[in-house]
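Everything below concerns the one structure shown next.
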Protein chains: 2
Amino acid sequence: MKADAVRGHLDGLLLAVLESGPLHGYAIIAAVQDRSGGLLELRTGTIYPALNRLERIGLLSSSWESAGERRRRCYELTGAGRRTLADERSAWSEFTAAIGSVLNPAVPPGLAT
Amino acid sequence: MKADAVRGHLDGLLLAVLESGPLHGYAIIAAVQDRSGGLLELRTGTIYPALNRLERIGLLSSSWESAGERRRRCYELTGAGRRTLADERSAWSEFTAAIGSVLNPAVPPGLAT
DNA sequence: AGTGTATGTATTGGCAGCCAATATATGCGC
DNA sequence: GCGCATATATTGGCTGCCAATACATACACT
């Protein structure tokens, strides 16, 4: 998987892994990697600015948490975040259909009349 | 469909529409738009540099053609181009599986033990 | 003859957005 | 005290597509 393959789909990934409950940054990276079968390895320089942006536009809310003595910033979906996640899912579906139908046409090339 | 959604998948699209025979630039744009159901509208500033690059690295070959009096540059797949197209198809499949499994997990969130 | 529109190729500048590198801090094992 | 895993954060840079622009030919209409 090439490095910046997630370009344009990052927001959806972040919202999706937060759907089942709040997570902090490091756990988000692990969740994405886990759910993608190890194929998607996000970096901190990728997700932290993205999480800040998503919070700023109201799709996430965050709160500091203490695990033992260690501080963690936990992010969770807002209502707007859930609605946007639904939008991202339809956009993804539309996107894959569009690219897919060009890449693998239903009518195989060479069989046209 | 957001403007630069094809980022990272353009080469595959171009190779795919050329699989069934040679086409010139304008026809390639039309073919991609047609096969995507009108969702993918590539611009000349997008495909011409890409076609040049694909020819330069040996995936396409081109020849000038005269339709009536008008000159057209027709591109066709080379052997290496066909092999790369196959690679692009597996990469696409892997990519959609990776993003898709994060966006729409097989085990719906909230049903975990 | 002139104007507008469709067809066709080509180049340039700009910028969104992700990554690599880097910095900082804590807790734990040894 | 040293190294490693955990954890958050920022900066600079590069890739790669797009918007804008330019130019040429053919044809229809007036």
Side-chain angles (χ1 to χ4, degrees), chain A residues 1-15 17 22-34 36 39-57 60 62-75 88 91 95 98-99 102, chain B residues 1-15 22-34 36 39-57 59-60 62-75 88 91 95 98-99 102:
Chain A
M1 184 78 46
K2 75 181 64 166
D4 61 340
V6 302
R7 184 179 286 265
H9 309 285
L10 179 61
D11 292 6
L13 296 182
L14 298 179
L15 296 176
V17 295
L23 290 174
H24 62 282
Y26 229 66
I28 290 175
I29 293 177
V32 169
Q33 185 169 4
D34 180 53
S36 69
L39 291 174
L40 262 29
E41 302 188 31
L42 304 179
R43 306 311 165 98
T44 67
T46 298
I47 67 157
Y48 285 115
L51 290 171
N52 286 334
R53 196 187 73 251
L54 292 176
E55 179 172 24
R56 187 162 39 79
I57 63 178
L60 299 179
S62 74
S63 57
W64 285 103
E65 211 179 74
S66 297
E69 209 54 34
R70 202 96 103 292
R71 60 177 196 149
R72 291 171 169 178
R73 179 164 227 149
C74 275
Y75 292 89
E88 292 278 352
F95 169 71
I99 304 280
V102 175
Chain B
M1 185 78 46
K2 76 180 65 166
D4 62 337
V6 302
R7 184 179 284 266
H9 308 286
L10 179 61
D11 291 7
L13 297 182
L14 297 179
L15 296 175
L23 289 175
H24 62 283
Y26 230 65
I28 290 176
I29 293 178
V32 168
Q33 185 169 4
D34 180 53
S36 69
L39 291 173
L40 262 29
E41 303 188 32
L42 304 179
R43 307 311 166 97
T44 67
T46 298
I47 68 156
Y48 285 115
L51 290 171
N52 286 334
R53 182 173 43 79
L54 293 176
E55 179 172 25
R56 188 162 39 78
I57 62 178
L59 305 185
L60 299 179
S62 74
S63 57
W64 284 102
E65 209 179 76
S66 295
E69 209 55 34
R70 205 95 104 288
R71 59 174 198 152
R72 291 171 169 176
R73 179 164 226 147
C74 275
Y75 293 89
E88 292 280 351
F95 169 71
I99 304 283
V102 175

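Below, chains carry the letters A, B, ... as their sequence lines are ordered, and counting in each starts from 1. Owing to the predicted nature of the structure, the values given are computational and were not obtained by experimental measurement. Below, each value reflects all heavy atoms present in this structure, side chains not excepted, and no hydrogens, waters or symmetry copies.
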### Message
With heavy-atom distances below 4.5 Å as the criterion, would you say the side chains of B:V32 and B:I47 are in contact?
### Response
no
### Task
Taking only the side-chain nitrogens and oxygens of A:R53, find out if one of them lies under 4.0 Å from OP1 or OP2 of C:dG17.
no
### Query
Can B:L13 and B:I28 be said to form a side-chain contact (heavy atoms from CB on, under 4.5 Å), step by step?
CA-CA 9 Å; B:L13 297 182; B:I28 290 176; over 6 Å; no
### Task
Establish, with yes or no, whether the OP1 or OP2 oxygen of C:dA20 is under 4.0 angstrom from a side-chain nitrogen or oxygen of A:R43.
yes
### Message
I need the CG-P distance between A:L13 and C:dG17, as an integer number of Å.
### Response
15 Å
### Query
Are any of the side-chain heavy atoms of A:T46 and A:D4 separated by less than 4.5 Å?
no
Identify the pairs formed between an N or O of the protein and an N or O of nucleotides 12-15 of chain D at a distance under 3.5 Å, and give each distance.
none

### Task
Using atom NE2 of A:H9 as one end and atom C1' of C:dA16 as the other, report the distance to the nearest whole Å.
14 Å
### Task
Please figure out whether B:T44 or A:T44 has its closest DNA chain D nucleotide nearer the 5' end.
A:T44
### Task
Can you tell me the distance, in whole Å, between the CD1 atom of B:I28 and the P atom of C:dT7?
16 Å
### Query
To the nearest angstrom, how far is A:I47 atom CD1 from D:dT10 atom C1'?
14 Å
#### Entry: Any side-chain heavy-atom pair of B:L59 and B:L14 under 4.5 Å
no
### Task
Quick one: sort the B:F95 and B:H9 rings into parallel, tilted or perpendicular, breaks at 30° and 60°.
tilted
#### Entry: D:dT6 OP1/OP2 closer than 4.0 Å to side-chain N/O of A:R71
no
### Task
Take the protein atom CZ of A:R72 and the nucleotide atom C1' of C:dG27, then report the distance between them rounded to whole Å.
12 Å
### Query
Considering only heavy atoms from C-beta outward, does the side chain of A:Q33 approach that of A:E41 to under 4.5 Å?
yes
### Query
Between B:Y75 and B:N52, is any pair of side-chain heavy atoms under 4.5 Å apart?
yes
### Task
Tell me which nucleotide among D:dT8, C:dT11, D:dC17 gets nearest to the side chain of B:P49.
C:dT11
### Among D:dA9, D:dA7, C:dT9, the nucleotide that comes nearest once only the side chain of A:R73 is considered
D:dA9
### Query
Which part of the nucleic acid, if any, lies within contact of B:L10, taking any heavy atom under 4.0 Å across all strands shown: a base, the sugar-phosphate backbone alone, or nothing?
sugar-phosphate
### Query
Quick one: on DNA chain D, does A:Y48 or B:A50 contact a more 5' nucleotide (nearest heavy atom)?
A:Y48
#### Entry: Per B:V6 side chain, nearest of listed nucleotides C:dT9, D:dC18, D:dT8
D:dC18
#### Entry: Residue met sooner reading DNA chain C from 5', once B:C74 and A:L42 are mapped to nucleotides
B:C74
